[in-house]
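One structure is given here, and the rest of the page talks about it.
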Amino acid sequence: MIIVPVKEGENIERALKKFKRKFEKTGVIRELRNRKTFVKKSVARREEIKKAIYVKQLQLKEE
């Protein structure tokens, strides 16, 4: 359960923003989206490798 302490006189918008940030960090929405459709392990692994190659190329370009 996410608890966001609201200080006296604090804007409700700021408290809501804190809540949203904490909620996003938990990864619940990301997990729900991933579970919505089944992805074969081979396809997931292929995407993982493609992402790793892309990140590696970006790192090499920086240097």
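Just so it is clear, the values below take in all heavy atoms, side chains as well, and ignore hydrogens, waters and symmetry mates. By convention here, the first residue in the shown sequence is residue 1.
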Taking ILVMFWY side chains as joined if any heavy atoms are under 4.5 angstrom apart, and letting links pass through other members, which residues group with Ile49? Ile53
Check the hydrophobic clustering (I, L, V, M, F, W, Y; side-chain heavy atoms under 4.5 Å; chains of links allowed) and say if Val28 and Val4 are grouped together. yes
State, to 0.1 Å, how close Lys22 and Ile3 come at their nearest heavy-atom pair, and which atoms those are. NZ-O, 3.0 Å
Solution key, residues 34-45 side-chain donor-acceptor pairs under 3.5 Å, sequence neighbours excluded:
| unit_1 | atom_1 | unit_2 | atom_2 | d |
| --- | --- | --- | --- | --- |
| Asn34 | ND2 | Arg30 | O | 3.4 |
| Arg35 | NE | Glu31 | OE2 | 2.8 |
| Arg35 | NH2 | Glu31 | OE2 | 3.4 |
| Arg45 | NH1 | Glu48 | OE2 | 2.9 |

Could you list the donor-acceptor pairs under 3.5 angstrom formed by side chains in residues 56-63, with sequence neighbours left out?
none

Shared-cluster residues of Ile12, by chain and number - hydrophobic side chains joined below 4.5 Å: none
Can you measure from CD (Glu47) to NZ (Lys50) and round to the nearest 0.5 angstrom? 4.5 Å
Rounded to the nearest 0.5 Å, what separates atom CD in Glu24 from atom CD1 in Ile2? 11.0 Å
Listed by chain and number, what are the side-chain hydrogen bond (donor to acceptor under 3.5 Å, both in side chains) partners of Glu10, not counting sequence neighbours? Lys18
